[in-house]
Amino acid sequence: MSVRVRFAPSPTGSLHIGSARTALFNWLFARHHGGKFLLRIEDTDSLRSTTENTKSIFEILKWLKIDWDEEPVIQSNRLERHKEVANNLLKNGAAYHCYCSQEELATKKERAVKSGKSYQYDRTCRNSNRKIDGINPVIRLKTEYSGNTTVDDIVQGEVTIHNSQLDDLILLRSDGTPTYMLSVVVDDHDMEITHVIRGDDHLTNTFKQIQIYNACHWNVPKFGHIPLIYGPDGAKLSKRHGAASADDYRDLGYLPEALSNYILRLGWSHGDDEIISREQAIEWFTLENVGKSPSRFDTPKLRSLNSHYIMEASNESLLERTLPFIRCEISEIQRSRILRGMNGIKSRAKTVIELADLASIYIAAPSNFDDSCTKYSTKQHIELLLDVISIIESTTPLLEEPLCEYVKELAKKKNVKLIEIAQAIRGALCGKLVSPSVFEIIEILGMEESISRIKRFVDYFK
RNA sequence: GUCUCCUUCGUCUAGGGGUCUAGGACACCGCCCUCUCACGGCGGCAACACGGGUUCAAAUCCCGUAGGAGACGCCA
């Protein structure tokens, strides 16, 4: 039987980074086994689900290069099927109507908690077979309460619980809508899912779901529960930590290659390998290599990976990715300057935002000069800059190498260190003392623009 | 509270009884390169949660303890 897995997000927000990893693991598992990767949108919580969220989930998955086979299943379209299954269970005695009111149950629960006991539905209606007119009953499953249930989880290993831990879960609410527990089981069965790979917050749900599978006499799929991702402080990763969704990281200037490499290595490993291509990931991925312990999200490592993928990317593709982060319209000449300067800035940027920031030197003259520049604005520096202007004017073609040589000669002649001249030029060209090589910048900006920027600096500090 | 799971450098991890004076990566620190900052190169710091077993031998197996996490909804 060929592998069929699914990723089943609820469109109640943007895609959490942990969910993105679940999607990636499912996708890799499917591709590794030559199986199918399906999508199911669990939108039955109509209050919180939106089509915008669904759209953004599709988009971010595409951005991460996670593609799916077959049409996505929209869970809300399957209500009738879910009801049908619940009613069948009712008919053959595997489920029953429960008339207990929510108030009644809340009281019982409160009492249990107060006396320090764990709460479970007490099966009043199952035992009494009561029927109360004027109340819409829920449908509950008759769960097995003796013996054990064991899940042979691919990631977690064998996990066993006593059936006495389970209570008679609700299949259909009093308004006739199915619960999550029912819907997942029915959908996974109908979609012929062979392996359910999801976050380990679902591990205990699995035992309940197995009861539903058994009641329906359906085959139980294999399960793999992967650990969650936590923030640096060990708490569940959330907005509180700054960024928690894949969209957040995209907007922060991370490359999809870097993000997916990072989340792949979070909780999964292949020996000492760190940089892993998609092809290698598909070849190497197995659930057995997923660790059982939860892991913490570490932004510095993501940044390092991102810088690696920035270095690896072609200058053209980097330019395309940088453009959306540049606020203003840019001309053809600015565009070609950025492209020529890309080699110089890509090693200095860890995110695309930083790339855009560095690229600004090729877009416009500095709007102001950093305080640090004043150190290189003394009378002597100004004189040196005037000499540099002459050098620029007389260097044809205006190339980095000869320019550098001539300025070095100037430094020797004037008996100053090269750094004194270079930093003054840098301040003039960029408005700050950190940038790529100043001679490279001059070559790219050309004579006119370079001299104009230096003159502005000279005038400003004269 | 009940049930379930987890615990190797700060972080992600390698490790399947002897090859572990515990390896790699990120971060951090030093040095080199150097027109600044990066990149790159070289080097350094740094961990088997604790306590008992089993064994000739334990990071590796077993049992406790402590700490952490998750689940206990007419949410998904």
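Order of the sequence lines fixes the chain letters, A, B, ..., with proteins taken first and strands second; residue numbering starts at 1 for each chain. Note that the coordinates shown come from a computational prediction; the quantities given were computed from them, not determined experimentally.
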Once the angle between the rings of A/H270 and A/W268 is folded into 0 to 90°, is it parallel (under 30°), tilted (30 to 60°) or perpendicular (over 60°)? parallel

A/H189 meets the ring pair (Phe, Tyr, Trp, His ring centres under 6.0 Å) criterion, sequence neighbours left out, with A/W218

Mind calculating the distance between CZ (A/F439) and C1' (B/rU36) to the nearest angstrom? 11 Å

Classify every nucleotide of nucleotides 62-76 of chain B by which part a protein heavy atom approaches to under 4.0 Å, writing B for the base, S for the sugar-phosphate alone and - for neither, in 5'-to-3' order. -------SBS-SBBB

Whether A/R140 engages the ring of A/Y121 as a cation-pi pair (distance to the six-membered ring centre under 6.0 angstrom, angle to the ring normal within 45°) should be assessed. yes

Those residues of residues 146-163 of chain A lying under 4.0 Å from RNA chain B by at least one heavy atom: A/Q156, A/V159, A/T160, A/I161

Can we say A/R78 and A/D190 salt-bridge, meaning some charged N sits less than 4.0 Å from an Asp/Glu carboxylate O? yes

5'-most contact on RNA chain B: A/K292 or A/Q423, nearest heavy atom basis? A/K292

Rounding to an integer number of Å, can you tell me how far A/D272 CG sits from B/rG24 P? 8 Å

Ionic contact status for A/R453 with A/E449, cut-off 4.0 Å: yes

Would you kindly say whether A/D248 and A/S245 are connected by a side-chain donor-acceptor distance under 3.5 Å? yes

Considering residues at least two apart in sequence or located in another chain, which fulfil the ring pair (Phe, Tyr, Trp, His ring centres under 6.0 Å) criterion with A/Y262? A/F297

With B for base contact, S for sugar-phosphate-only contact and - for none (protein heavy atoms under 4.0 Å), nucleotides 17-22 of chain B reads ------

Would you please classify the geometry between the A/Y254 ring and the A/Y249 ring as parallel, tilted or perpendicular, with 30° and 60° separating the classes? tilted

Scan nucleotides 39-45 of chain B against the protein and return all N/O pairs shorter than 3.5 Å with their distances rounded to 0.1 Å.
none

Specify the residue among A/L302 and A/L418 whose closest nucleotide of RNA chain B lies further upstream toward the 5′ end. A/L302

